[in-house]
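To start, the structure itself, in structure tokens.
All chains are named by letter (A, B, ...) in the order of the sequence lines, taking the proteins before the strands, and each is independently numbered beginning at 1.
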Amino acid sequence: MRIATWNVNSVRARLESLLAWLEIRSPDVVCLQETKCLDERFPREELEGLGYQVAHHGQRAYNGVAILSRRSLEDVVRGIGDERFDSEARVIGAQIEDFLVLSVYAVNGVEVGHDRFDHKLRWFRALRDFLALRYPMNEKVVLCGDLNVTIDDRDVWDPQRWRERILCSTPEREALEGILALGFKDALRKFRQEGGVYTWWDYRLRGFERGWGLRIDHMLLSAPAFDACTGFEVDVEAREGKKPSDHAPVVATFGDPG
DNA sequence: ATGGTCGCGGAGCGA
């Protein structure tokens, strides 16, 4: 079983690249973020044509999350059951065989001290409460997505430059730590301890060409999922081509590496 | 400190 997560920055703008990537990599499950469209504009038929069942939770122009699965997709949950936050489409979950999969797009927060920064911290607390209520950690829980936070300075190309700035600040890292404290572990760190693994590069700074990256897309695993995880990679090549997303896909393998 | 590039939707907002 291979599970991927990818912030595509508009599923419609990225459809050609996404379809080509799915054909080459053929993951069993794909969590998408920033689909940026209503459900009726989601390219369902094209994805079903590649053998995927589709669950989408979208809105007009912003946000939007989806789960694609070549295996049976059941018990779809949209939102976190908190009306303070569910006007923005940021969370979708589903059961896929013995995995509980979540596709999450965290609040960005703009900058430290901004109104949206405080909103981001409150949103993380609400997400934590939702997970604590609905996701038994003795199951194989796979929380995927653009969490818009670096876990520590190994996830930052220039920690001095990014010190206490958005995506890297102590309050954000503590908010993410609140999720991890439920019992999740960072899939990457089962395999690699060194820094320099990034998933996002700013379009504006021409960050990819300069190696100016951050790791803000994560796969957080419950202990049973962590134990079952046999591989992890960031597909940096997908950030290279023409008209790329600003994020690279992350792919984890569970069970037989094949 | 500032600006830079995308995508949506058709001006300005969000990232």
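- Using a 4.0 Å cut-off between charged side-chain N and carboxylate O, A/Arg189 and A/Asp155 make a salt bridge.
- We find that A/Arg25 and A/Glu237 are not joined by a salt bridge, their nearest charged nitrogen and carboxylate oxygen being 4.0 Å or further apart.
- On the P atoms, B/dG7 is 22 Å away from B/dG3, given to the nearest whole Å.
- Inter-residue side-chain proximity for A/Val101 and A/Leu73 is flagged as unmet; no heavy-atom pair is nearer than 4.5 Å.
- First and last contacts of DNA chain B with chain A, using any nucleotide atom under 4.0 Å from a protein heavy atom and ordered 5' to 3', fall at B/dG3 to B/dA15.
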Open item on the list: Evaluate A/Val104 against A/Gln33 for side-chain contact (heavy atoms from CB on, under 4.5 Å), listing each step before the verdict.
Closed with: CA-CA 7 Å; A/Val104 174; A/Gln33 298 87 37; over 6 Å; no

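- Using a 4.0 Å cutoff on non-hydrogen atoms, the parts of residues 54-68 of chain A near DNA chain B are A/Arg60, A/Ala61, A/Tyr62, ordered by number.
- No side-chain heavy atom of A/His247 sits under 4.5 Å from any side-chain heavy atom of A/Asn9.
- If you take atom C1' in B/dA11 and the same atom in B/dA1, they sit 27 Å apart, rounded to whole Å.
- Ring orientation note: the planes of A/His119 and A/Phe85 are tilted relative to one another, at an angle of 30° to 60°.
- At least one side-chain heavy atom of A/Phe117 sits under 4.5 Å from a side-chain heavy atom of A/Pro171.
- Counting heavy atoms from C-beta on, the side chains of A/Ile96 and A/Val142 never come closer than 4.5 Å.
- With respect to A/Asp82 and A/Arg125, no salt bridge is recorded, no charged nitrogen being found less than 4.0 Å from a carboxylate O.
- Of the P atoms belonging to B/dG10 and B/dG4, the separation is 25 Å, rounded to the nearest Å.
- DNA chain B is contacted by A/Tyr105, A/Asn108 of residues 103-120 of chain A, taking any non-hydrogen atom closer than 4.0 Å.
- When each of A/Asp152, A/Asp186, A/Asp146 is checked for a salt bridge (charged side-chain N to carboxylate O under 4.0 Å, His left out) with A/Arg215, only A/Asp186 meets the rule.
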